[in-house]
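Presented below is the structure to which this report refers.
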Protein chains: 2
Amino acid sequence: MLVKRTEYAIRALISVAIRNRKGERPGFKDVAALIGAPKPFTAKILQEMTKRGLIKSIRGRGGGFFFDSPPESLTLYQVIKSMEGLSFFTKCAFGFNECSDEHPCPIHAEYLTFRQGFLDLTKQTTIGALAGKVIKGEAFLSWSTSMEVPGSIKLNFF
Amino acid sequence: MLVKRTEYAIRALISVAIRNRKGERPGFKDVAALIGAPKPFTAKILQEMTKRGLIKSIRGRGGGFFFDSPPESLTLYQVIKSMEGLSFFTKCAFGFNECSDEHPCPIHAEYLTFRQGFLDLTKQTTIGALAGKVIKGEAFLSWSTSMEVPGSIKLNFF
DNA sequence: ATATAAAAAGACCTTTAATTCTTTTTATAA
DNA sequence: TTATAAAAAGAATTAAAGGTCTTTTTATAT
């Protein structure tokens with residue numbers, strides 16, 4: 001379905017949102033620990049998302065990643081589009097370039113239903129809402145139940 | 001969604017079914033032309049499917065690929081499972097290994113609906129049915145409208 | 001000012017998927 | 001029985017995704 005980069009990206013965004021709500025600005029090591037992903041790869045993905053404007057970052061001591069506008073206004077659709085491109089939502093089930101209503105592949109009509117349904121879901125779901133579920137303990141981001149990272153130092157955040 | 005190998009595999013199976021219905025046994029060059037895929041790669045995939053028992057083949061002059069049992073009894077589900085493994089139908093939207101009803105990822109419940117819907121679709125759809133659509137001219141397998149391959153020689157098939 | 005902690009940048013490595021090429025085996029038409 | 005046309009097998013190549021490491025830049029607490 002989604003490529004790994006995008007999977008990690010979404011989980012990373014959710015964990016940034018959770019930390020932000022606590023008044024903290026996590027670094028890539030924190031985020032990697034929270035989502036159970038490799039540290040350098042997590043850094044790469046966070047930097048990529050910063051460059052694309054999904055989140056902001058501050059360098060130097062006490063820095064980290066954070067949401068400028070509320071995560072409730074960032075949809076899954078926007079994230080996936082930004083990471084994988086619009087083609088993710090439009091491509092044919094059988095990899096056929098010319099697939100369209102006029103020139104359909106053999107499963108075109110049936111598949112459209114699901115593609116549209118998934119599109120709607122991603123447009124309705126925000127990073128903020130998903131973060132809310134994790135905060136309430138209704139959902140998880142990794143094997144670890146806890147959202148705490150041992151040894152994190154408190155600085156003058158925000 | 002599906003990897004290229006699987007996309008080509010499905011299109012290849014449909015074109016084999018179509019040719020079989022005409023009393024022909026296509027070779028990999030015919031199939032590649034029909035589905036608009038690279039010839040050597042098409043050969044590889046057809047051979048893989050033969051090894052896995054989805055189709056049969058006959059070597060030597062006049063040989064080619066064919067269905068032993070009717071393509072109406074081969075579902076998309078069986079093909080995808082054979083090419084990509086069962087995990088294709090069970091994996092988490094966010095790539096989270098431990099995702100389950102008891103320990104869900106933040107989008108688990110909502111995503112289940114679509115996964116199940118797609119699973120049902122693939123179980124209901126057969127290669128024979130998809131081939132039927134192409135034969136009736138309701139669907140296509142490549143940019144080319146025609147199902148004819150120029151220069152193919154008729155031998156004692158079947 | 002200076003040491004330090006953090007992100008940014010970018011080179012590099014590894015693995016897997018995609019694709020091609022070459023050789024071998026096999027059936028059959030001539 | 002021999003030439004030929006076909007699939008099978010498998011080695012080799014290329015491209016893309018996944019992942020790591022090192023160096024540079026920058027902010028800030030001391």
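Throughout, protein chains are lettered first and strands after them, A, B, ... in sequence-line order, and every chain is numbered starting at 1. Atoms considered below: every heavy atom in the structure, side chains included; atoms not considered: hydrogens, waters and symmetry mates. Just so we're clear, the structure is a prediction, and the values are computed from it rather than from any experiment.
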Within the sub-3.5 Å range, which N or O atoms of nucleotides 24-26 of chain C have a protein N or O partner, and how far apart are they?
none

Pull out every protein N or O sitting under 3.5 Å from an N or O of nucleotides 18-22 of chain D, one pair per line with the distance.
from: D:dG18; atom 1: OP1; to: A:Lys4; atom 2: N; distance (Å): 3.1
from: D:dT20; atom 1: O4; to: A:Lys44; atom 2: NZ; distance (Å): 3.4

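DNA chain D is contacted by no residue of residues 85-93 of chain B, taking any non-hydrogen atom closer than 4.0 Å.
Between B:Lys133 and A:Glu110, at least one side-chain N (NZ, or NE/NH1/NH2) sits under 4.0 Å from a carboxylate O, which counts as a salt bridge.
Partners of B:Phe28 according to the ring-ring contact (aromatic ring centres under 6.0 Å, His included) rule, which considers only residues two or more places apart in sequence or in another chain, do not exist here. With sequence neighbours excluded, no residue forms a ring-ring contact (aromatic ring centres under 6.0 Å, His included) with A:Phe114. Residues that satisfy the side-chain contact (heavy atoms from CB on, under 4.5 Å) test with A:Pro40, not counting sequence neighbours, are A:Pro38. A search for side-chain hydrogen bond (donor to acceptor under 3.5 Å, both in side chains) contacts involving B:Arg5 returns B:Glu48, not counting sequence neighbours. For B:Lys56, the side-chain hydrogen bond (donor to acceptor under 3.5 Å, both in side chains) criterion is met by B:Asp68, not counting sequence neighbours. Under the ring-ring contact (aromatic ring centres under 6.0 Å, His included) criterion, B:Phe94 pairs with no residue at all, not counting sequence neighbours.
If you take CD of A:Glu7 and P of D:dA17, they are 14 Å apart, rounded to a whole angstrom. With rounding to whole Å, B:Met49 atom CE is found 15 Å from D:dA8 atom C1'. Note: CG (B:Asp30) to C1' (D:dA6) measures 11 Å, nearest angstrom. Computed from coordinates, the A:Ile58 CD1 to D:dA27 P distance equals 9 Å when rounded to whole Å. A:Phe66 has its CZ atom 12 Å from the C1' atom of C:dA7, to the nearest Å. Atom CD of B:Glu48 and atom P of C:dT19 are 14 Å apart (whole Å). To the nearest angstrom, P of D:dA27 lies 15 Å from NZ of A:Lys56. Separating the CD1 atom of B:Ile45 from the P atom of D:dA8 is a distance of 14 Å, rounded to the nearest angstrom.
For the pair B:Ser57 and D:dA8, the criterion of a side-chain N or O lying under 4.0 Å from OP1 or OP2 is met.
Under the side-chain hydrogen bond (donor to acceptor under 3.5 Å, both in side chains) criterion, no residue pair touches residues 33-44 of chain B, with sequence neighbours excluded. Each side-chain hydrogen bond (donor to acceptor under 3.5 Å, both in side chains) pair with one or both residues in residues 115-132 of chain B, not counting sequence neighbours, appears once here: B:Gln116-B:Asp120.
One N or O donor and one acceptor, one from the side chain of A:Gln47 and one from the base of C:dA8, sit under 3.5 Å apart.
The environment of NZ in A:Lys91 is crowded: more than 12 heavy-atom neighbours from other residues, nucleotides or ligands sit within 6.0 Å.
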Using atom types as modelled, flag every donor-acceptor pair under 3.5 Å from a side chain in residues 71-80 of chain B to any protein atom, sequence neighbours excluded.
from: B:Glu72; atom 1: OE2; to: B:Arg21; atom 2: NH2; distance (Å): 3.1
from: B:Ser73; atom 1: OG; to: B:Pro70; atom 2: O; distance (Å): 2.7
from: B:Thr75; atom 1: OG1; to: B:Gln78; atom 2: N; distance (Å): 3.1
from: B:Thr75; atom 1: OG1; to: B:Gln78; atom 2: OE1; distance (Å): 3.3
from: B:Gln78; atom 1: OE1; to: B:Thr75; atom 2: N; distance (Å): 2.8

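Within 4.0 Å of B:Leu46, counting heavy atoms only, lies no atom of the nucleic acid at all.
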